[in-house]
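These notes are about the structure you will find just below.
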Amino acid sequence: MQIQGTTKLLGVMGDPVEHSLSPAMHNAAIAHLGIDYVYLPFPVKPAKLATAVAGLAAIGVKGFNLTIPHKQAIIPLLSEVSPLAQSVGAVNTVYWTERGWVGTNTDVAGFLAPLRSLNRDWKHTKVVILGAGGAARAVVAGCRELGCTEIYVVGRNSDKLAAFAESWLNTPISVPLTVHPWEELSMVLPETGLLVNTTPIGMYPQVERFRKADPLRESPLSDADFTCLNSQTIVYDLIYTPSPTQFLQQGKAVGAIAIDGSEMLVQQGAAALKIWIEQPVPVEVMRQALHQKLGLAT
Ligand code: NAP
């Protein structure tokens with residue numbers, strides 16, 4: 001990749017952004033394709049988001065990703081937001097058009113990619129989602145896209161759970177979900193076909209913090225919780241480091257199909273790059289770049 005006067009800019013805005021694995025993935029794909037682009041980290045404080053977005057338009061940036069804490073805050077700064085991103089309530093990908101900045105959400109496509117390769121009757125698959133934060137919203141939208149008709153969201157804060165349930169009522173997609181406090185988990189879990197962890201429990205380096213506070217808190221579930229699951233269950237952890245997490249190891253111990261968050265990360269990036277460069281992207285190159293960064297065998 002050679003940066004020259006004609007090189008087009010892409011990037012990721014976040015605070016912090018130094019830890020982002022996206023530059024490695026995207027620049028590997030750009031180098032592989034031999035196209036005249038570069039993907040950069042843009043460290044942007046929340047108070048400077050509007051200035052940064054206007055500045056990126058002024059210098060002709062083609063598009064950018066958003067990570068914590070900007071995925072919701074960006075919405076009022078955009079000319080258009082896709083119906084999917086409106087439903088999710090978060091934008092992770094923005095691209096420039098003659099109408100201005102347009103925002104969409106590729107986390108949903110990223111979440112779905114490893115599931116679509118499994119031959120399932122999603123309509124009759126019971127889904128249980130642990131956590132009700134930002135990522136859980138992309139998971140709900142994804143499950144709805146699969147056609148799932150039974151979605152249970154389990155969380156620790158009743159006010160947030162109620163707000164989560166209500167937030168789907170006036171969106172372009174209707175969602176058949178119910179919310180449950182953590183205490184109802186044993187009632188909700190039997191016959192789960194897809195169990196998704198969207199909490200950060202078990203994630204490195206937080207895992208160290210949980211371990212110190214409570215040696216058993218390396219997974220959102222106990223071993224006993226898993227006994228009602230079986231080899232038909234898909235256990236999906238959005239966390240990608242460590243790999244596998246304790247949660248996935250517990251799932252594997254009962255014979256379940258285990259999916260970690262690395263493929264979601266690859267696929268949301270691939271979907272974003274495809275929007276920006278309007279041509280097929282080398283997903284395997286992006287996967288290898290990510291796995292190399294994560295120290296995973298490819
Ligand atoms: P978030 O908005 O902060 O949501 C986290 C959720 O987990 C909240 O519902 C939170 O509950 C709950 N939670 C946190 N700690 C908990 C605990 N100790 N016990 C029970 N519940 C707890 O975060 P997010 O953006 O959704 O991200 C969540 C995870 O998904 C992170 O690990 C992130 O790395 C991962 N993720 C992965 C990808 C990928 O591409 N693979 C993409 C996005 C996110 P409260 O609201 O009550 O705090």
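Counting starts at 1 for both ligands and their atoms, in listed order. Hydrogens, waters and symmetry mates play no part in the numbers below; they use all other heavy atoms, side chains included.
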What atoms of ligand 1 come closer than 4.0 angstrom to any heavy atom of L265? 40 (O)
Contact check: M264 vs ligand 1, nitrogen or oxygen atoms, below 3.5 angstrom: no
Tell me whether the rings of F64 and W101 are parallel (<30°), tilted (30 to 60°) or perpendicular (>60°). perpendicular
Is A132 in contact with ligand 1, taking contact as a heavy-atom separation below 4.0 Å? yes
Below 4.0 angstrom from a heavy atom of I239, which ligand 1 atoms are there? Numbered from 1 as shown, please. 32 (O)
Name the residue from L66, V44, V61, I74 that meets the side-chain contact (heavy atoms from CB on, under 4.5 Å) definition with V53. I74
Any chance CD of E191 has more than 12 other-residue heavy atoms, nucleotides or ligands included, within less than 6.0 Å? no
Enclosure of K8 NZ (heavy-atom neighbours >12, cutoff 6.0 Å): yes
Decide whether E284 and Q288 meet the rule of one side-chain donor and one side-chain acceptor closer than 3.5 Å. yes
Return the orientation label for the F226 and F247 ring planes: parallel under 30°, perpendicular over 60°, tilted otherwise. perpendicular
Would you check the N or O atoms of I201, main chain and side chain alike, for any that come under 3.5 Å of an N or O of ligand 1? no
Report, in ascending order of atom number, the atoms of ligand 1 lying under 4.0 Å from any heavy atom of G131. 9 (O)
Can you list the atoms of ligand 1 that are under 4.0 Å from a heavy atom of Y240? 41 (N)
Which residue from Q268, Q267, M203 reaches closest to atom 34 (O) of ligand 1 through any of its heavy atoms? M203
Looking only at heavy atoms of T198, does any of them come nearer than 4.0 Å to an atom of ligand 1? yes
In terms of its nearest heavy atom to atom 21 (N) of ligand 1, the top option of R156, K71, K160 is R156
Numbering as shown, the atoms of ligand 1 that approach G261 to under 4.0 Å (heavy-atom distance): 39 (C), 41 (N)
Check the side chains of R137 and S167 for a donor-acceptor pair under 3.5 angstrom, ignoring hydrogens and angles. yes
Counting only heavy atoms closer than 4.0 Å, does ligand 1 sit against the backbone of T199, its side chain, both, or neither? both
Salt bridge check: are R116 and E145 linked by an N-O gap of less than 4.0 Å? yes
